[in-house]
Amino acid sequence: MATRVTDRERVQRLVDDGAQLVEVLPRAEYEHEHIAGARHIWLRKLDTEAPRRLDRNTPVIVYCHDTL
Amino acid sequence: MSPRAACRLEQLGFTDVYDYVPGKSDWMAAGLPRGGESAQTPYAGDLASHDVPTCPIGDPLATAEKALREHRVCVVVSADSTVVGALYPDDLRNSGPDATIDETMHPGPTTVRANEPVDPLLERMRHADIDGILVTDPEGRLLGLFHRHHAA
């Protein structure tokens, strides 16, 4: 089961250590604003794009706007 | 959306997956680096001064004396920098020699998050006739002081 992270300092540390940060919202929302350094893979494209664009052996952090 | 994405990544064979639950809204509210179109327009946190005088809540008022002689406000903070109150120069003049910060401060000053859009904020500040407002992260920790002249 994926690890839930609520602490943004931990997110920063994971990214500093090489984790892949991915926004899964629709592209327009990503283009409007995203976390610096994040790449974009929309949830609905995950099946086709994640295996091609992400490294399975490196931690991945996903985020959206919030939990609502 | 991110819980479903995390779940699906695991089903796709990714073994070390994290879901940053508070997400983008939390990151932006803390004033952390951002990309995209919004980065072209400053937020309150981008323009705020980080050089804000502070004093710890548990100390005698005398601790804040120097700051209050040199500045228009001294922010009262807890040990983890959470904003709990504010002191103004008049408080120094109106208090006795044994006064404490805790009993003298004005509790609960108005704050905004770092990603507060500047134009509507300026309008509200003009309407309320206030020059400065404190900027905090989502946990209420002090990030800076946004002053109307910062946006001039």
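Below, read A as the first sequence line, B as the second, and so on, with proteins coming before strands; counting in each chain starts at 1.
Put simply, CG on A/Asn57 and CG on B/Asp16 are 10.0 Å apart, with the number rounded to the nearest 0.5 Å. Note that CG of B/Asp26 and OG1 of A/Thr6 are 8.5 Å apart. Values are rounded to the nearest 0.5 Å.
Looking at A/Leu25, both its backbone and its side chain come within 4.5 Å of chain B, counting heavy atoms on both sides. For A/Val11, the part lying near chain B is the side chain, with the backbone staying farther off; criterion is any non-hydrogen pair under 4.5 Å. Residue A/Leu21: no heavy atom, backbone or side chain, is found under 4.5 Å from chain B. Both the backbone and the side chain of B/Leu12 have a heavy atom closer than 4.5 Å to some heavy atom of chain A. Only the side chain of A/Leu43 comes within contact range of chain B, with at least one heavy atom under 4.5 Å from a heavy atom of that chain. Contacts between A/Gln20 and chain B at a heavy-atom distance below 4.5 Å are absent for every atom of the residue.
B/Val83 and B/Leu87 are members of different hydrophobic clusters when ILVMFWY side chains are connected at heavy-atom separations under 4.5 Å. One hydrophobic cluster, built from ILVMFWY side chains closer than 4.5 Å, cannot hold both A/Val22 and A/Tyr63; they sit in different ones. One hydrophobic cluster, built from ILVMFWY side chains closer than 4.5 Å, holds both A/Val15 and B/Trp27. Residue B/Ile133 is grouped with residue B/Leu143 when hydrophobic side chains (ILVMFWY) are merged at heavy-atom distances under 4.5 angstrom, including chains of intermediate members. No continuous path of ILVMFWY side-chain contacts below 4.5 Å connects A/Ile61 to A/Leu54, so the two sit in separate hydrophobic clusters.
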Check the pair A/Leu14 / B/Tyr18 against side-chain contact (heavy atoms from CB on, under 4.5 Å), numbers first and verdict last.
CA-CA 10 Å; A/Leu14 286 164; B/Tyr18 298 82; 3.9 Å; yes

Does the side-chain contact (heavy atoms from CB on, under 4.5 Å) test come out yes or no for B/Arg34 and A/His34, once each step is laid out?
CA-CA 6 Å; B/Arg34 66 188 191 275; A/His34 55 263; over 6 Å; no

Using the rule given for salt bridge (charged side-chain N to carboxylate O under 4.0 Å, His left out), can you reason through B/Arg141 versus A/Glu9, listing the C-alpha separation, both sets of side-chain angles and the distance that settles it, and then say yes or no?
CA-CA 14 Å; B/Arg141 292 176 298 212; A/Glu9 285 82 10; 3.8 Å; yes

Test side-chain contact (heavy atoms from CB on, under 4.5 Å) on A/Ile35 and B/Tyr20; report intermediate values, then the result.
CA-CA 12 Å; A/Ile35 294 175; B/Tyr20 175 28; 3.9 Å; yes

Applying side-chain contact (heavy atoms from CB on, under 4.5 Å) to A/Asp47 and B/Arg8, what does each step give before you reach the verdict?
CA-CA 8 Å; A/Asp47 284 27; B/Arg8 188 60 186 147; 2.7 Å; yes

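Within 6.0 Å of the CG atom in B/Asp51, the count of heavy atoms belonging to other residues, nucleotides or ligands does not exceed 12. Summarising the local packing, CZ of A/Arg44 is surrounded by 12 or fewer heavy atoms from other residues, nucleotides or ligands at distances under 6.0 Å.
Put simply, of B/Ala6, B/Pro33, B/Ala30, the one with the most heavy-atom pairs under 4.5 Å next to chain A is B/Pro33. Most heavy-atom pairs under 4.5 Å with chain B: of the set A/Ala38, A/Ala50, A/Ala2, this distinction falls to A/Ala2.
For A/Arg8 and B/Asp137, the salt-bridge test passes: some basic side-chain N is under 4.0 Å from an acidic carboxylate O. Between A/Glu33 and B/Lys24 there is no salt bridge, since no side-chain N of the basic residue sits under 4.0 Å from a carboxylate O of the acidic one.
The heavy-atom pair separating A/Leu46 from B/Ala5 by the smallest distance is CD2-O, 3.5 Å. Across all non-hydrogen atoms, the minimal contact from B/Ser2 to A/Val62 is O-CG2, 3.6 Å.
By a heavy-atom distance cut of under 4.5 Å, not one residue of residues 66-80 of chain B is near chain A.
Side-chain contact between B/Val17 and A/Met1 is absent, with no heavy-atom pair separated by less than 4.5 Å.
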